[in-house]
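Report on the structure given below.
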Amino acid sequence: MFWALLLIAGIIALVKFPSFRKTIFVIAGVLALAVVGYLIYDKQQTEASKKLVRVEELEFADMRLGPESFGSAYKLAGRVKNNSRYTVFGIQAKIHVLDCDDKSNCEVVGEEEQDIAPLIPPGQVRDIDDSIYFSSGTHVRGHFQWNYTISEIRARP
């Protein structure tokens with residue numbers, strides 16, 4: 001009830017008092033400019049964070065992917081070392097599950113892109129232990145194989 005009365009009073013003030021109307025429009029304009037400015041700044045910061053660390057500056061070791069004991073999820077495990085001078089806070093990996101026959105002809109039966117690593121300060125190592133849920137069925141009839149590519153690394157000074 002209070003909000004309805006407040007809304008009615010605001011509409012009356014907008015119609016009857018031109019100075020109130022101008023003030024509201026100025027405040028709305030300033031807020032809109034602040035939001036647009038923040039979105040532009042955030043986009044620039046995000047793009048800059050993707051250029052600080054190259055894939056070659058990270059060492060991936062003992063990477064494994066296998067079915068979990070429950071459901072259709074797969075367990076991704078391994079270790080990553082950050083050899084850069086920046087703190088890595090995001091590593092996007094594109095993971096492929098392959099169904100291969102005896103002649104090493106393989107077909108992709110699952111593909112997912114996921115953030116796979118925790119915060120890794122410069123010169124430190126972190127273990128990877130994530131569940132991967134593929135959006136399509138990943139039924140392997142032949143030999144199970146998998147691979148991954150790093151699609152994005154985000155870091156900060």
Side-chain angles (χ1 to χ4, degrees), residues 1-68 70-98 108-138 146-157:
M1 179 75 176
F2 175 73
W3 290 105
L5 292 175
L6 191 60
L7 180 63
I8 291 170
I11 291 171
I12 290 171
L14 281 173
V15 172
K16 287 218 173 234
F17 304 108
S19 61
F20 180 72
R21 184 176 29 226
K22 289 177 187 174
T23 303
I24 293 297
F25 287 140
V26 167
I27 291 171
V30 168
L31 285 174
L33 286 174
V35 168
V36 168
Y38 173 77
L39 291 174
I40 290 170
Y41 171 78
D42 186 56
K43 184 173 182 167
Q44 289 173 342
Q45 290 297 104
T46 298
E47 290 305 312
S49 75
K50 295 177 186 178
K51 297 175 182 175
L52 294 175
V53 176
R54 296 182 324 275
V55 175
E56 299 81 33
E57 294 177 289
L58 300 178
E59 279 181 47
F60 292 88
D62 196 28
M63 297 297 289
R64 304 174 305 279
L65 182 73
E68 287 190 341
F70 60 91
S72 61
Y74 284 77
K75 179 63 86 176
L76 177 68
R79 186 168 260 217
V80 61
K81 181 177 182 185
N82 180 3
N83 293 318
S84 77
R85 58 187 179 133
Y86 300 104
T87 299
V88 172
F89 66 88
I91 300 174
Q92 284 284 109
K94 187 174 279 191
I95 301 163
H96 296 101
V97 172
L98 307 170
V108 175
V109 293
E111 178 181 86
E112 195 65 38
E113 191 160 4
Q114 183 166 332
D115 192 12
I116 63 165
L119 186 74
I120 312 169
Q124 294 189 17
V125 175
R126 293 292 183 270
D127 287 329
I128 297 171
D129 186 21
D130 285 331
S131 294
I132 310 291
Y133 298 93
F134 291 90
S135 56
S136 61
T138 56
W146 74 286
N147 61 37
Y148 67 95
T149 56
I150 304 302
S151 57
E152 180 179 289
I153 300 170
R154 294 194 55 203
R156 63 176 173 247

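Quick caveat: nothing in here was measured; it's all calculated off a predicted structure. If you read the sequence from its start, that first residue is 1, and numbering goes on from there.
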Intermediate values then yes/no, side chain to side chain contact (heavy atoms under 4.5 Å, CB included), Arg79 and Val125: CA-CA 7 Å; Arg79 186 168 260 217; Val125 175; 3.1 Å; yes

Can you check side chain to side chain contact (heavy atoms under 4.5 Å, CB included) on Phe2 and Leu5, steps first, answer last? CA-CA 5 Å; Phe2 175 73; Leu5 292 175; 5.5 Å; no

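In this structure, CD1 in Ile132 is found 7.5 Å from CD in Glu112, a value given to the nearest 0.5 Å. To the nearest 0.5 Å, atom NZ of residue Lys43 and atom CG of residue Leu39 are 10.0 Å apart. With rounding to the nearest 0.5 angstrom, the CG atom of Leu65 is 11.5 Å from the CD1 atom of Ile128. To the nearest 0.5 Å, atoms CE (Met63) and CG (Leu76) are separated by 4.5 Å. Separation of atoms CG (Asp42) and OG1 (Thr46) is listed at 4.5 Å; rounding is to 0.5 Å.
Checking Arg154 against Ser49 by side-chain atom types alone, a donor-acceptor pair falls below 3.5 Å.
Glu152 pairs by the salt bridge (charged side-chain N to carboxylate O under 4.0 Å, His left out) definition with Lys50, not counting sequence neighbours.
Nearest heavy-atom pair across Ile150 and Ile116 is CD1-CD1, 4.5 Å. Summarising the geometry of Tyr86 relative to Arg156, their closest heavy-atom pair is CB-O, 3.6 Å, with the distance given to 0.1 Å. The minimum heavy-atom distance linking Ser131 with Lys75 is given by the pair OG-NZ, 3.8 Å. Looking at every heavy atom in both residues, Arg126 comes nearest to Pro121 through NH2-CD, 3.5 Å. The two residues Val53 and Ser84 come nearest to each other via the heavy atoms CG2-OG, 3.4 Å.
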Donor-acceptor pairs under 3.5 Å, side chain of residues 91-98 to any protein atom, not counting sequence neighbours: which ones?
from	atom 1	to	atom 2	distance (Å)
Gln92	OE1	Asp115	N	3.1
His96	ND1	Asn147	OD1	3.0
His96	NE2	Glu111	OE2	2.7

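Looking only at side-chain heavy atoms (C-beta outward), Asn82 and Leu58 come within less than 4.5 Å of each other.
Within the structure, ring-ring contact (aromatic ring centres under 6.0 Å, His included) pairs that include any residue of residues 40-67 comprise Phe60-Tyr148 (at least two apart or interchain).
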